[in-house]
Participant: 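Can you read through this structure? Questions will come right after.
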Amino acid sequence: MPELPEVEVTARALQQAITGWSLRSVWVSGKKLRHPFPRGAIDQLRGVPLMGIGRRAKYVLMEFPSGYLAVHLGMSGSMLCAHGKAPPAKLHDHVVMEFESPSSEVRTMIYHDPRRFGSFQWCDRQALHGTEIGAVLGAGAAGIEPLGQSFNGAWLFEHSRGRRTPIKQWLMDGSVVVGVGNIYACEALFDAGIHPSRKAGSISRPRYERLAVDIKKILLQAIEGGGSTIQNFQGPDGTAGRYGQLHRVYGRSGQPCPRCGRAIRRSIMGQRSTFFCHGCQR
DNA sequence: CGCTGACCCTGACGGC
DNA sequence: TGCCGTCAGGGTCAGC
């Protein structure tokens, strides 16, 4: 279930598979997703080449000449790319897009989402009018990219001054930093030795330097490992991500801390499970 | 601004 | 085997 690394892995694989291919057909299940499917805009794209596939926040962006199709995977979404024409839709398949290469080869993108918290949104290039696409997609996608150049300890330090919110919830706020969800927030805070309930504004610059490095490190590791999988995340080639095996605190309450051996604790912050070591996170 | 709870859904899992 | 409660990694919104 997707956080930034899963979305990045998905976007990269689709980029490899169907960039430059033209949209041939679109099928939708008709089941309600988070937003109404932009049928009208997509119907205009038949025969139009897909220029590229990227990621902003937790959105997969499919770029067409006239704009972007922004796909959110929600809690349980995945985008699979199959060779050949669309196979019969399975339960919880909601969007199926066939693409055709210049040499008439066909590949199919299948959007599968049991919980239907995901969405497809159309962002017209004209309407964007130079506005950064994250801002258009909502406050939750407007924050800084944690893998970007400008994200570093100084940025975290400066933007956290005066904030009394617990660091974990502040990190997970998409209007501050995008893509750091529950798992990676827990893991990065563990690596940096910072207690999740410490107020964001009370953390020193050196500790933020460390945290910024750890966040980047953890996200990059997860991307290399093909994404995390607690339950059912799978990448576009159908393989399961492996990062889940590397979680050091997430989902490990009661087990010994890999650093000091004390039992990992679980608490609820902002209605989300939080895992940490009370001994070595301060 | 910040915090809380409710809500959108289905599936997996543990206890009985 | 089956029923039931609980939980799940995301995000938005209303209300205080």
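If you're wondering where the values come from, they're calculated on a predicted model, not measured in any experiment. Heavy atoms only: backbone and side chains are in, while hydrogens, waters and symmetry mates are out. Within every chain, numbering begins at 1; the chains are lettered A, B, ... in the order of the sequence lines, protein sequences first and strands thereafter.
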Participant: For Asp173(A), what residues pass the side chain to side chain contact (heavy atoms under 4.5 Å, CB included) criterion, not counting sequence neighbours?
Facilitator: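 Asp173(A) satisfies side chain to side chain contact (heavy atoms under 4.5 Å, CB included) with Ser175(A), Val176(A) once adjacent residues are dropped.
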Participant: Are Arg56(A) and Glu145(A) close enough for a salt bridge, meaning some N to O gap below 4.0 Å?
Facilitator: yes
Participant: Taking dT6(C) as the reference, what is the distance to dA6(B) when you measure between their P atoms (whole Å, please)?
Facilitator: 14 Å
Participant: Angle class for the Phe157(A)/Tyr208(A) ring planes (parallel below 30°, perpendicular above 60°, tilted otherwise)?
Facilitator: perpendicular
Participant: Scan nucleotides 11-13 of chain C against the protein and return all N/O pairs shorter than 3.5 Å with their distances rounded to 0.1 Å.
Facilitator:
from, atom 1, to, atom 2, distance (Å)
dG11(C), OP1, His72(A), NE2, 2.9
dG11(C), OP2, Lys58(A), NZ, 2.9
dG11(C), N7, Arg272(A), NH2, 3.3

Participant: Once you round it to whole Å, what is the distance between C1' of dG10(C) and CD of Glu6(A)?
Facilitator: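 Taking atom C1' of dG10(C) as the reference, CD of Glu6(A) is at 12 Å.
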Participant: Any idea which of dG9(C), dC9(B), dG11(B) is nearest the Ser273(A) side chain?
Facilitator: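 Nearest listed nucleotide: dG9(C).
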Participant: Tell me the interatomic distance from Met75(A), atom CE, to dA8(C), atom C1', rounded to whole angstroms.
Facilitator: 5 Å
Participant: Nearest whole angstrom, please: distance from the P of dT10(B) to the NZ of Lys31(A).
Facilitator: 7 Å
Participant: Any side-chain N or O of His92(A) under 4.0 Å from OP1/OP2 of dG11(B)?
Facilitator: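 For dG11(B), OP1 or OP2 has a side-chain N or O of His92(A) closer than 4.0 Å.
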Participant: Which whole number of Å gives the distance between the P atom of dG5(B) and that of dC7(C)?
Facilitator: 14 Å
Participant: For Lys168(A) and Cys186(A), which heavy atoms make the closest approach, and how far apart are they?
Facilitator: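 Looking at all heavy atoms of both residues, the shortest contact is CE-SG, 3.9 Å.
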Participant: In whole angstrom, what separates His247(A)'s NE2 from dG9(C)'s C1'?
Facilitator: 9 Å
Participant: Using a 3.5 Å limit on both distances, find every run of at least three consecutive Watson-Crick or G-U pairs that involves DNA chain C.
Facilitator: B:2-8 with C:10-16, B:10-16 with C:2-8
Participant: From CG of Asp113(A) over to P of dC9(B), roughly how many Å is that when rounded to an integer?
Facilitator: 12 Å
Participant: Quick one: Ile183(A) CD1 to dA8(C) P, roughly how many Å, whole number?
Facilitator: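 Roughly 11 Å, once rounded to whole Å.
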Participant: Any donor-acceptor pair under 3.5 Å linking the side-chain atoms of Ser197(A) with those of His195(A)?
Facilitator: yes
Participant: Can you identify which nucleotide, out of dT10(B), dC7(C), dA6(B), has its nearest atom closest to the Gln271(A) side chain?
Facilitator: dA6(B)
Participant: Can you tell me how far P of dG9(C) sits from CG of Asn182(A), to the nearest Å?
Facilitator: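 For the pair Asn182(A) CG and dG9(C) P, the rounded distance is 5 Å.
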Participant: For the pair made of CZ in Phe275(A) and P in dG9(C), what is the distance, rounded to whole Å?
Facilitator: 8 Å
Participant: Closest approach of Arg39(A) and Val28(A), non-hydrogen atoms and distance?
Facilitator: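 So the two residues come closest at NH1-CG2, 3.5 Å.
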Participant: Does the ring of Phe117(A) lie flat against the base of dC8(B), closer than 5.5 Å centre to centre with planes under 30°?
Facilitator: yes
Participant: Quote, to the nearest angstrom, the C1' distance that separates dC3(B) from dG9(C).
Facilitator: 22 Å
Participant: Do the side-chain N or O atoms of Tyr184(A) get closer than 4.0 angstrom to the phosphate oxygens (OP1, OP2) of dG9(C)?
Facilitator: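 For dG9(C), OP1/OP2 do not have a side-chain N/O of Tyr184(A) under 4.0 Å.
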Participant: Could you work out which one of dC7(C), dG10(C), dT10(B) sits closest to the side chain of Arg116(A)?
Facilitator: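 Minimum distance to the Arg116(A) side chain belongs to dT10(B).
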Participant: Does any residue of residues 163-171 of chain A have a heavy atom under 4.0 Å from DNA chain B, and if so, which ones, in number order?
Facilitator: Arg163(A), Arg164(A), Thr165(A)
Participant: Rounded at 0.5 Å granularity, tell me how far CG in Leu4(A) sits from CD1 in Ile218(A).
Facilitator: 12.5 Å
Participant: Among Ile, Leu, Val, Met, Phe, Trp and Tyr joined by side-chain contacts under 4.5 Å, find the other residues sharing a cluster with Tyr59(A) and list them by chain and number.
Facilitator: Leu61(A), Tyr68(A), Leu128(A), Ile133(A), Val136(A), Leu137(A)
Participant: Just jot down the side chain to side chain contact (heavy atoms under 4.5 Å, CB included) partners of Lys32(A), sequence neighbours excluded, or say none.
Facilitator: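 For Lys32(A), the residues satisfying side chain to side chain contact (heavy atoms under 4.5 Å, CB included) (neighbours in sequence not counted) are Arg116(A).
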Participant: Quick check: are there more than 12 heavy atoms from other residues, nucleotides or ligands sitting under 6.0 Å from CZ of Arg161(A)?
Facilitator: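 Yes, CZ of Arg161(A) has more than 12 neighbouring heavy atoms, counting only those of other groups under 6.0 Å.
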Participant: How long is the gap from CD on Gln15(A) to CG on Leu50(A), to the nearest 0.5 Å?
Facilitator: 8.0 Å
Participant: Please verify the inter-ring angle class for Phe64(A) with Phe99(A); under 30° counts as parallel, over 60° as perpendicular, anything in between as tilted.
Facilitator: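 If you compare the ring of Phe64(A) with that of Phe99(A), the planes turn out parallel.
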